[in-house]
Amino acid sequence: MPFGNTPSVDTSNSPNARLKPVPIEAVQLEDRFWAPKIQQMRETTLPTQHRILEETGRIDNFRRAAGKIENDFQGLYFNDSDVYKWLEGCAYSLAYQGGGEVERLADSVIAEIAQAQCGDGYLNTYYMFDREDQRWTNLRDMHELYCAGHLFSAAAAHHRATGKRSLLDVALRFADCIDNLFGEGKKEGVPGHEQIEMGLIEIYRETGEARYLKLAQFFLDKRGQNLIGGGEYHQDHKPVRELDSVVGHAVRALYLNAGAVDLYMEMGEEALMEAMTRIWTNMTERRMYVTGGVGARRAGEAFGGDYELPNEIAYSETCGAIANALWNWRMLLATGEARYADVAELATYNGALSGISLDGRHYFYVNPLASRGGHRRQRWFGCACCPTNIIRLIGQVPGMIYSTSENAVWTHLYAASSAKANVAGAEVSIQQRTDYPWDGAAEMELSLDKPARFALNLRMPGWLRSAKIEVNGETAEASAPGSYASIERDWKSGDIVRLALPMPIEQITAHPYVEAAAGKTALKRGPLVYCMEDEQAPAAGVIADGQMTHAYDKELLDGVGAIHFEGVAGETEGWENSLYRRRADMSEEKSALRAIPYYAWANRVEAPMRVWLHLR
């Protein structure tokens with residue numbers, strides 16, 4: 001794919017992908033939800049993160065490896081990966097808007113990386129100068145292959161966005177170094193932290209060099225053969241094709257799954273997709289939070305058992321929700337099935353987006369579903385995987401709105417925007433007008449360079465109860481929730497499609513085996529999960545049949561929709577010298593309560609928060 005054509009995942013030539021990308025450059029957001037966040041990422045988050053990468057020595061580690069400074073290595077042994085993820089975020093920003101300070105910063109960092117690379121292509125600053133003899137000796141724990149994978153992903157994105165080979169050439173030299181060492185008849189091993197699989201396949205897609213695809217397949221094939229201890233934590237307990245549940249470290253597990261789907265889209269091996277479908281069913285039906293977050297246990301940052309989804313002690317790492325979105329995006333590209341778009345949207349709007357503050361400068365590592373008030377975002381972390389990861393996801397959003405297939409344009413996400421796509425031999429421009437996710441009404445006006453016959457496939461989200469579609473004022477058939485409504489016709493410039501996707505406020509209940517949610521309800525409207533965040537939150541109760549309304553408040557939390565409802569605030573008076581009281585002595589007077597979107601909590605003063613509220 002030529003530069004200036006940057007997809008979030010490049011399936012342009014993937015023979016077993018049902019959907020092809022509409023690149024980031026082809027979409028311009030005009031909404032009040034994502035457009036400000038992407039602009040903020042460019043103006044605030046990326047420059048701020050660059051300063052912190054300098055402050056914490058992550059970029060100095062490359063200067064040290066190049067012999068330019070004599071400092072000791074700084075930070076954790078996988079700190080290179082944070083620099084690479086930041087560069088990938090820069091690439092998506094450059095694809096969307098181009099040039100400016102972000103390009104200058106990215107070019108300066110890439111120059112430091114290139115100067116640090118060894119003559120044989122090796123590049124990992126932790127092992128350069130004083131640990132050369134330890135290279136590749138501990139694949140399970142030391143993340144050499146993981147860091148390489150993030151370099152490869154960043155390099156492919158940067159080359160597509162800018163046309164520059166500066167980072168791609170570095171990545172290819174390192175990929176060749178790894179390929180010379182690992183493979184059939186060479187050194188055997190698998191990474192303890194997956195990511196290289198996705199990275200290798202993306203540089204294969206960028207270059208057409210089959211050795212990189214073969215190496216990715218090698219790493220997937222060797223997993224589960226006890227090469228790194230055989231444990232569930234590292235997903236080494238079974239071969240990938242035999243997996244039937246998500247286990248172990250949540251981020252590693254879903255990165256593995258994403259790489260497996262990438263491999264399927266290139267190779268077409270049905271056993272891989274069969275395994276991915278089994279795992280997806282296990283996760284979404286038994287091991288995923290209502291926010292799309294994953295990872296119940298702090299120990300091992302891991303998935304728990306079936307229905308093990310605690311609230312206040314939930315781990316639900318930001319990177320886990322990001323990995324969930326990235327995996328489901330690939331499942332969608334492979335199959336065209338709306339259920340995967342549903343989960344990608346859920347994880348992106350809730351479990352992942354909560355990981356960054358409204359000011360774009362502070363971050364969550366852990367995203368609990370309940371807090372007593374002390375859980376606050378931080379400027380940075382010693383292990384800073386989440387801050388640099390969230391910018392990768394936000395930067396990809398424009399490229400996740402539309403896709404194409406043979407004679408069809410697909411709409412996955414709704415956002416006020418303009419976009420261009422090529423389908424059925426015509427160039428099609430789509431002007432989408434909507435206030436999603438605050439409102440479910442959407443209008444799409446098409447412009448074509450010539451009339452053409454194709455299908456416009458519109459996602460009917462799984463949270464819908466019903467929908468209405470009109471084409472030029474005439475009713476069209478709306479398919480069931482959790483599918484795509486396909487409108488095939490001869491299209492011409494000026495055609496207008498209107499959608500009504502009603503967003504009632506829903507009271508969500510969990511499976512009876514989810515102990516932490518027993519007798520409770522969560523509030524959801526459209527793609528957004530809501531929470532209570534104030535002193536009433538711990539004891540708040542929802543009246544099951546109480547009236548609920550939704551209203552947008554431009555003064556609240558930079559502008560959000562809030563749910564107003566009648567509930568029980570809980571009596572906080574009269575507890576002197578008491579820990580327990582008879583319920584019969586308690587007042588349960590109705591109160592006016594308010595819930596805010598989960599992604600926006602912890603941006604005000606410290607206060608308790610609850611997603612799951614008592615059901616009265």
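- The NE2 atom of His249 sits 4.5 Å away from the OH atom of Tyr233 when rounded to the nearest 0.5 Å.
- Two residues are said to be in side-chain contact when any heavy atoms from C-beta on lie closer than 4.5 Å; Leu413 and Arg459 meet this criterion.
- Between Ile201 and Gly259, the shortest heavy-atom contact is CD1-O, 3.8 Å.
- For the pair Gly295 and Tyr289, the tightest heavy-atom approach, listed with the atom from each and the gap, is O-CE1, 4.1 Å.
- Between the side chains of Glu144 and Tyr122, at least one donor N or O lies within less than 3.5 Å of an accepting N or O.
- Remark: side-chain polar atoms of Gln225 are paired, donor with acceptor, to backbone N or O of Asp221 under 3.5 angstrom.
- Evaluated for a salt bridge (charged side-chain N to carboxylate O under 4.0 Å, His left out) with Arg223, the options Glu188, Glu242, Glu194 yield exactly one hit, Glu194.
- Under the 4.0 Å criterion applied to side-chain N and carboxylate O atoms, Arg140 and Asp236 are not assigned as salt-bridge partners.
- Under 4.0 Å is where a charged nitrogen must lie from a carboxylate oxygen, and between Arg63 and Asp60 at least one such pair does.
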Exercise for the section: Evaluate the side chain to side chain contact (heavy atoms under 4.5 Å, CB included) criterion for residues Met128 and Arg135: first the C-alpha distance (whole Å), next the side-chain angles of each, then the deciding distance (0.1 Å), finally the verdict. Expected result: CA-CA 9 Å; Met128 297 168 81; Arg135 296 176 188 175; 4.1 Å; yes
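- Taking the six-membered ring for Trp and thresholds of 30 and 60 degrees, Tyr484 and Trp410 have ring planes more than 60 degrees apart, a perpendicular arrangement.
- Residues Ala156 and Ile203 approach most closely at CB-CG2, 4.4 Å, considering heavy atoms.
- For Lys214 and Asp179, the salt-bridge test fails: no basic side-chain N is under 4.0 Å from an acidic carboxylate O.
- Using a 4.5 Å heavy-atom threshold, the side chains of Val246 and Asn257 count as touching.
- Shown here is Glu70, whose CD atom has no more than 12 heavy atoms of other residues, nucleotides or ligands within 6.0 Å.
- Taken to the nearest 0.5 Å, the OG atom of Ser245 stands 12.0 Å off from the CE atom of Met283.
- Remark: Arg379 CZ to Thr48 OG1 distance equals 8.0 Å, nearest 0.5 Å.
- The heavy-atom pair separating Trp380 from Pro387 by the smallest distance is CZ3-CB, 3.6 Å.
- Between the side chains of Arg58 and Asn61, no donor-acceptor pair is found at a separation under 3.5 Å.
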Exercise for the section: Start with the C-alpha gap between Ile38 and Gln97, add the side-chain angles, then the distance that decides, and say whether side chain to side chain contact (heavy atoms under 4.5 Å, CB included) holds. Expected result: CA-CA 10 Å; Ile38 290 177; Gln97 193 167 340; over 6 Å; no
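- Taking the side chain as every heavy atom from C-beta outward, Pro15 and Glu266 approach each other to under 4.5 Å.
- Atom-to-atom distance recorded for Cys319:SG and Arg252:CZ is 11.5 Å, nearest 0.5 angstrom.
- Summarising the geometry, atom OG belonging to Ser8 is positioned 8.5 Å from atom CG belonging to Leu326; distances are rounded to the nearest 0.5 Å.
- Of the charged side-chain nitrogens involved, none lies within less than 4.0 Å of a carboxylate oxygen, so that Arg18 and Glu337 do not count as a salt-bridged pair.
- A 4.5 Å side-chain heavy-atom check between Tyr363 and Thr45 finds at least one atom pair inside the cut-off.
- The existence of a salt bridge linking Arg104 and Glu101 is confirmed by a sub-4.0 Å separation between a basic side-chain nitrogen and an acidic carboxylate oxygen.
- Looking at Asp82 and His150, their side chains never come closer than 4.5 Å, going by heavy atoms from C-beta outward.
- Pairing each heavy atom of Val190 with each of Ile228, the nearest pair is O-CG2, 3.5 Å.
- Residues Glu25 and Thr6 have side chains that bring a donor and an acceptor to within less than 3.5 angstrom of each other.
- Under the ring-ring contact (aromatic ring centres under 6.0 Å, His included) criterion, Tyr349 pairs with Phe33, Trp34, sequence neighbours left out.
- No donor-acceptor pair closer than 3.5 Å links the side chain of Glu112 to the backbone N or O of Ser108.
- Annotation: cation-pi geometry satisfied between Arg377 and Phe364 (NZ/CZ under 6.0 angstrom from ring centroid, within 45° of ring axis).
- Here the closest non-hydrogen pair linking Leu346 and Asn350 is O-ND2, 3.0 Å.
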Practice task
Assess whether ring-ring contact (aromatic ring centres under 6.0 Å, His included) is satisfied between Trp280 and Tyr340, documenting all intermediate values.
Solution key: CA-CA 9 Å; Trp280 186 90; Tyr340 302 122; 5.0 Å; yes
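- At least one side-chain heavy atom of Met142 sits less than 4.5 Å from a side-chain heavy atom of Tyr126.
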Exercise for the section: Test side chain to side chain donor-acceptor pair (under 3.5 Å) on Tyr402 and Asn457 and set out the steps. Expected result: CA-CA 10 Å; Tyr402 297 101; Asn457 295 339; over 6 Å; no
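- Other residues, nucleotides and ligands place no more than 12 heavy atoms under 6.0 Å from the CD1 atom of Ile313.
- In this structure, the side chains of Met41 and Tyr96 stay at 4.5 Å or more apart for every pair of heavy atoms.
- How far CG of Asn324 is from OH of Tyr255: 11.5 Å, rounded to the nearest 0.5 Å.
- One side chain, Glu88 or Tyr92, offers a donor N or O that lies under 3.5 Å from an acceptor on the other.
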Practice task
Check the pair Phe129, Phe73 against ring-ring contact (aromatic ring centres under 6.0 Å, His included), reporting the backbone distance first and the verdict last.
Solution key: CA-CA 10 Å; Phe129 279 158; Phe73 178 89; over 10 Å; no
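- Taking the six-membered ring where tryptophan is involved, the planes of Phe174 and Trp136 are tilted, since the angle between them lies from 30° to 60°.
- Using a 4.5 Å cut-off on side-chain heavy atoms (C-beta onward), Ile322 and Glu317 make no contact.
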